[in-house]
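Quick caveat, the model's predicted, so the values are computed rather than measured.
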Amino acid sequence: MEFLDNLVLPQSAEHIELLHYMLMLVLFLFVPFISVILGGTSLSLYYRRKGFESGNPVYLRFAKDVIDLVTINKSMGIVLGIIPLLICVLVFAQLLHNANTPTIYYLVAAFFLTSISIILIYTYKYSLSLKNIFDSIKDFHSYDPELNEELNKFKKGNQSLSFKSGRYGVIILFISTWIFTAAVTLVTYPNKWMDEGVMFLLFSWEVLSRYIHFITAAFALTGSAILFAFFYWEGGKKNITGDYKDFLRKTAIRITLIAALFQPLFLLINLFALPKEALSASVFGYSFIAIFLLFLAYNYLYAMLKESTLKFSGHVFYVLLFALLALIVKDQLAMGNATREHSSVLIAEFEKYLAELKGTKEGQVKLSGQEIYEVRCASCHRFDQKLVGPPYDSTLPKYEGKIDQLVSFILNPGKVDPAYPPMPNPGLKPNEAKAIADYEMIEHMKHVFAQRSAEAGENGEQIFKLICSACHSFEKNMVGPAFNTVVSKYIGNEGNLVTFLSDPQKINPEFPQMPNPQLSENQRKAISTYVISEYQKRQGVASK
């Protein structure tokens, strides 16, 4: 969105880290609140309908008490529901600046729908209060028939408003939280940012499993909040009769237990569905903490059922709340890991922007990837032999054509191969990490060139796939420039491209010197023909 893009500031590494912490804190407020609003309103509507159908006053009282409990007061809907979601939109706009993802559009939609749902739900709450007022004067009859008619009219109107506002409010809230879940799930899957439309995203198994996880967690937290508010907070409510107290205890424990039992299953499903770049020891660690807390809650709930006691009401609520917070931390860490590559791009743009402000453009000093390798890397790594770390020729093939992922790993390394110790963070800046990544990829391709060249023969497409694609793409800059930006000048002059490949010259100072590929003349002609043909084919597709 252009409006939000205009609000985005250039972001340093520290700024991005701060945004992740801010997002985590905001979600600590928003997710528990919106969970109990969703669960509490659903329970209130269900028991109110059940109360009208059966004529049971216990159900009607429970419906009123639950909605009063979860909505707290009229300010909380704004403070804990609307404002935090607005902050989420702004933070994600910063973190995903220039990313080709519709996430921000989904978050904005979720923000407006959530705002509407909260207004309707609070309308439902206050309409129930008006109903109590009307019930208190049901025996009142005025000598003025018009006044009696007006009172009956307002009573019926309020009852209709109550049902409609509550029902529509909770339906819209279910939809808005579904869209919100889809948006934050999409962030963790960068490879899908532009692959799927909104309907495919909403009904993808990754989103559906997370959404069901959220719904069950919402009801578990709501049930525990009922136990906490009625039986623990400030010694519990004093005006609860025996029958109503027994109903509250059984209903809240049953809802909490049933919903909580699904949590470990969906947690594991969502965990193993994460892309490998999103995983880390911290993600698994917070998942374990959440599972541990869930099993602790099961013990408390079992004791409350077995002993018919309410003394663990507060314990269950706090344990489930902290389990939910652990899951939020887990998801944010996974998101940070998955978007590390995009964050490195934002950091590089910030450093370029900062250098331009200082009048140094790109810092005046051009860093040599070879020099960085010799100073920082050579003590632990070689290309063709094991030292402290694995040989580059065994690890770099997976980064061919994915230089941004290699840069991201260099900036934030982790343990990959259990046969080697974890790589320490070398403390490089983004431009330094890019320089060393370019150097390593070029040197790696020199090492494997003879084998790849023999394997490709004189097939231009195979030469591109086995050799050129490690450093070049048609669409984007990698180690070398995107072919779409350079091939056009060779259209109709294929011989010039063949000549260039026989002795490459440094054309653009932004990219490292292309090494001489040492291809035979027939191979140079084959690859020249292929890249020009592929360029024309892609341009033809783009123009249709």
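In this structure, the ring of Phe180 has its center less than 6.0 angstrom from the ring center of Phe30. For Phe247 and Tyr47, the ring centers sit closer than 6.0 Å to each other. Taking the six-membered ring for Trp and the full ring otherwise, Tyr211 and Trp205 have centroids separated by 6.0 Å or more. The aromatic ring centroids of Tyr59 and Phe52 lie 6.0 Å or more from each other. Taking the six-membered ring where the residue is Trp, the centroids of Phe228 and Tyr318 are separated by under 6.0 Å.
Side-chain contact between Phe317 and Leu221 is present, with heavy atoms from C-beta onward closer than 4.5 Å. Ile67 places a side-chain heavy atom less than 4.5 Å from the side chain of Ile121. Using a 4.5 Å heavy-atom cutoff, the side chains of Leu294 and Leu320 are in contact. Side-chain atoms of Lys250 and Asp246, non-hydrogen and from C-beta on, do get closer than 4.5 Å to each other. Between Ser35 and Val31 the shortest side-chain heavy-atom distance falls below 4.5 Å. Between Leu261 and Tyr298 there is a side-chain heavy-atom pair separated by less than 4.5 Å.
Counted within 6.0 Å of CD1 on Ile78, heavy atoms from surrounding residues, nucleotides or ligands total 12 or fewer; the atom is thus considered open. Atom CG of Asp243 has 12 or fewer neighbouring heavy atoms from other residues, nucleotides or ligands inside a 6.0 Å radius.
The two residues Thr222 and Gly39 come nearest to each other via the heavy atoms OG1-CA, 3.5 Å.
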Thr114 and Ser176: CA distance, side-chain angles, deciding distance, side-chain hydrogen bond (donor to acceptor under 3.5 Å, both in side chains) verdict: CA-CA 6 Å; Thr114 301; Ser176 69; 3.1 Å; yes
Working for side-chain hydrogen bond (donor to acceptor under 3.5 Å, both in side chains), residues Ser287 and Lys330: CA-CA 6 Å; Ser287 299; Lys330 182 268 293 183; 4.9 Å; no
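Between Tyr126 and Tyr122, the ring planes lie tilted relative to each other; the angle falls in the 30° to 60° range.
Under 3.5 Å, the side chains of Thr101 and Thr103 contain a donor-acceptor pair of N or O atoms. No hydrogens or angles considered: nothing links the side chains of Tyr399 and Asp404 as a donor-acceptor pair under 3.5 Å.
When each of Phe203, Tyr106, Phe214 is tested with Trp178 by the rule ring-ring contact (aromatic ring centres under 6.0 Å, His included), just one qualifies, namely Phe203.
Salt bridge Arg49/Glu53: present, at least one basic N to carboxylate O contact under 4.0 Å.
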